[in-house]
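Data block below; observations after.
Bear in mind that the values here come from a model prediction, so they are computed numbers and not experimental data. Note: hydrogens, waters and symmetry copies are ignored here, and every other heavy atom, side chains too, is used.
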Amino acid sequence: MMAPSGPSSVKRRCRRCLYWIPVLFISIIVCWSYYAYVIQLCIVSMDNIGEKVLCLIAYHFFVLLFVWSYWKTIFTIPMNPTKEFHLSYADKELIEREPRGESQQDVLRRLAKDLPVYTRTMSGAIRYCDRCQLVKPDRCHHCSVCDKCILKMDHHCPWVNNCVGFSNYKFFLLFLAYSLLYCLFIVATDLQYFIKFWTNGLPDTQAKFHIMFLFFAAAMFSVSLSSLFGYHCWLVCKNRSTLEAFRSPVFRHGTDKNGFSLGFSKNLRQVFGDEKKYWLLPIFTSLGDGCSFPTCLVNQDPEQASTPSGTNVAAKSADNHQFPAKPLRESQSHLLTDTQSWTESSCNEEKGKLGMITRMTIEKET
């Protein structure tokens with residue numbers, strides 16, 4: 001039996017329609033710019049056949065990459081945490097019965113013990129989503145607009161009506177890059193005709209107004225896109241998201257804004273993948289599964305003040321398991337899992353030291 005449609009469902013549908021207004025606005029601007037450039041500028045205003053052909057070929061190359069990456073950014077479904085991070089029915093009941101506080105955290109710590117989770121809340125607690133009822137993976141955040149937990153969430157972009165995260169962050173970067181190139185190409189090829197407009201060098205037709213507004217629109221979008229694209233290039237080089245730039249991730253050892261930075265080359269590969277031939281194409285090539293990420297063992301950054309001692313102190317969790325002061329890579333984490341071997345080796349060392357002291361004492365007495 002279908003649920004009756006009430007005022008709340010109508011409001012939800014209206015809100016969803018309103019979210020598409022920025023995308024519709026961008027689509028109208030692109031369609032008008034296509035008409036203004038191809039028809040009014042190239043076909044009507046350009047007299048040189050060679051210039052006309054070159055401009056049309058280059059323009060369609062840029063507009064193809066721009067529309068392709070924009071389409072992929074809009075219609076790529078954001079990835080959500082896998083089933084292993086979701087609570088079972090019994091765990092949900094246990095969480096609901098336990099009062100908020102240390103007792104609930106004990107339950108969450110038990111659930112997160114076997115999960116690849118390194119980050120914590122500001123208070124050091126396990127990151128848990130009440131809405132989705134799951135343990136949040138590293139770099140995962142709940143989007144209030146989508147009402148879902150998004151893997152490696154960067155931000156919710158109204159211009160694409162979608163969450164920018166692990167599944168479409170590369171497409172979003174390429175969308176910014178190709179839209180900037182698209183606008184710069186229009187500005188460069190339209191400049192001489194824009195100058196002719198002010199010197200009365202163009203015939204008195206409607207083409208002159210399209211040429212003028214096309215130049216102004218492309219120049220204004222170029223300024224805004226260049227700053228936004230530059231900012232996201234800096235984020236990629238540091239391996240941070242927009243949310244992490246405003247609030248640094250918290251690990252077991254404390255806050256570390258460079259906790260996920262692996263170096264310039266590896267940071268690029270985290271987003272664009274290992275195969276460079278696909279870097280400039282809006283094809284998904286990002287590394288990983290979005291639920292777990294490699295972290296650096298020692299983080300050095302000129303923006304951070306170095307600690308006086310230069311050493312890291314091991315931290316202990318509530319269940320008395322020793323963890324490294326900095327989060328380890330998967331290849332290094334197995335060194336600290338076998339506590340029994342560490343205990344046996346330390347006992348053997350102590351026994352060896354006691355035996356040596358006994359022998360030295362006997363020799364001295366004789």
The criterion is salt bridge (Lys or Arg N to Asp or Glu O under 4.0 Å); which residues satisfy it with [X], sequence neighbours excluded?
X    : answer
D114 : none
R110 : D91
R247 : none
R269 : D274

Would you check if [X] and [Y] make a side-chain contact, meaning some heavy-atom pair closer than 4.5 Å?
X    : Y    : value
P249 : T255 : no
L173 : F272 : yes
Q270 : F293 : yes
E275 : T285 : no
R127 : H141 : yes
V223 : M220 : no
C233 : F229 : yes
W68  : L174 : no

Any side-chain to backbone donor/acceptor pair from [X] onto [Y]? Under 3.5 Å, distance only.
X    : Y    : value
Y178 : L280 : yes
D190 : I186 : no
T76  : T73  : no
Q40  : I211 : no
R240 : S248 : no
S45  : C42  : no

Does atom [atom1] of [X] have more than 12 heavy-atom neighbours from other groups under 6.0 Å away?
X    : atom1 : result
K52  : NZ    : yes
K276 : NZ    : no
Y231 : OH    : yes

For this session: Test the R139-F260 pair against the cation-pi criterion, namely NZ or CZ under 6.0 angstrom from the six-membered ring centroid and within 45° of the ring axis.
Result: yes
Problem set entry | Results of ring-ring contact (aromatic ring centres under 6.0 Å, His included) for F62 - residues two or more places apart only | F185
Seminar exercise, completed: Sorted by chain and number, sequence neighbours left out, ring-ring contact (aromatic ring centres under 6.0 Å, His included) with Y169 holds for H232
Check for me, please, whether [X] and [Y] land in the same ILVMFWY cluster - side-chain distances under 4.5 Å, paths through other members count.
X    : Y    : answer
L287 : L235 : no
Y70  : I21  : no
I39  : V67  : yes
V53  : V44  : no
L181 : L54  : no

Exercise. After noting the C-alpha distance and the side-chain angles of Y182 and S33, does the key distance pass the side-chain hydrogen bond (donor to acceptor under 3.5 Å, both in side chains) rule?
Worked result: CA-CA 10 Å; Y182 176 74; S33 66; 2.7 Å; yes
Pair [X], [Y]: side-chain N/O donor-acceptor within cut-off below 3.5 Å:
X    : Y    : value
H60  : Y34  : yes
D138 : T119 : yes
H142 : D147 : yes
N267 : S261 : yes
T189 : Y37  : yes
S292 : Y118 : no

What distance separates [X] [atom1] from [Y] [atom2], expressed to the nearest 0.5 Å?
X    : Y    : atom1 : atom2 : value
Q133 : C149 : CD    : SG    : 11.0 Å
C157 : I74  : SG    : CD1   : 9.0 Å
R12  : R16  : CZ    : CZ    : 6.5 Å
S88  : L94  : OG    : CG    : 9.0 Å
E93  : L87  : CD    : CG    : 11.5 Å
S167 : K72  : OG    : NZ    : 10.0 Å

Problem set entry | Validation row, ring centre F215 to ring centre F194 under 6.0 Å | yes
Ring geometry between [Y] and [X] (parallel below 30°, tilted from 30 to 60°, perpendicular above 60°):
X    : Y    : result
F171 : F284 : perpendicular
F175 : F172 : tilted
W71  : F75  : tilted

By the rule that ILVMFWY residues connect when side-chain heavy atoms come within less than 4.5 angstrom, directly or transitively, which residues belong alongside [X]?
X    : answer
V145 : Y19
M122 : V250
L243 : I150, M153

Seminar exercise, completed: Minimal heavy-atom distance between P22 and P158, with the atoms involved, is CB-O, 3.3 Å
For this session: Applying side-chain contact (heavy atoms from CB on, under 4.5 Å), run through L151 and C291 and close with a yes or a no.
Result: CA-CA 7 Å; L151 295 180; C291 292; 3.9 Å; yes
Problem set entry | Test log, rule side-chain contact (heavy atoms from CB on, under 4.5 Å), inputs V107 and L111 | CA-CA 6 Å; V107 177; L111 296 174; 4.2 Å; yes
For this session: Show your reasoning for whether side-chain contact (heavy atoms from CB on, under 4.5 Å) applies to L108 and I95.
Result: CA-CA 8 Å; L108 291 176; I95 288 289; 3.7 Å; yes
Exercise. Salt bridge (charged side-chain N to carboxylate O under 4.0 Å, His left out): which pairs involve residues 167-182, sequence neighbours left out?
Worked result: none
Exercise. Mind checking what makes side-chain contact (heavy atoms from CB on, under 4.5 Å) contact with N48, not counting sequence neighbours?
Worked result: E51
Exercise. Which residue pairs pass the side chain to side chain donor-acceptor pair (under 3.5 Å) test with at least one member in residues 151-166, sequence neighbours excluded?
Worked result: D154-T242
Problem set entry | K257 and E244: CA distance, side-chain angles, deciding distance, side-chain contact (heavy atoms from CB on, under 4.5 Å) verdict | CA-CA 7 Å; K257 65 180 180 180; E244 291 167 353; over 6 Å; no
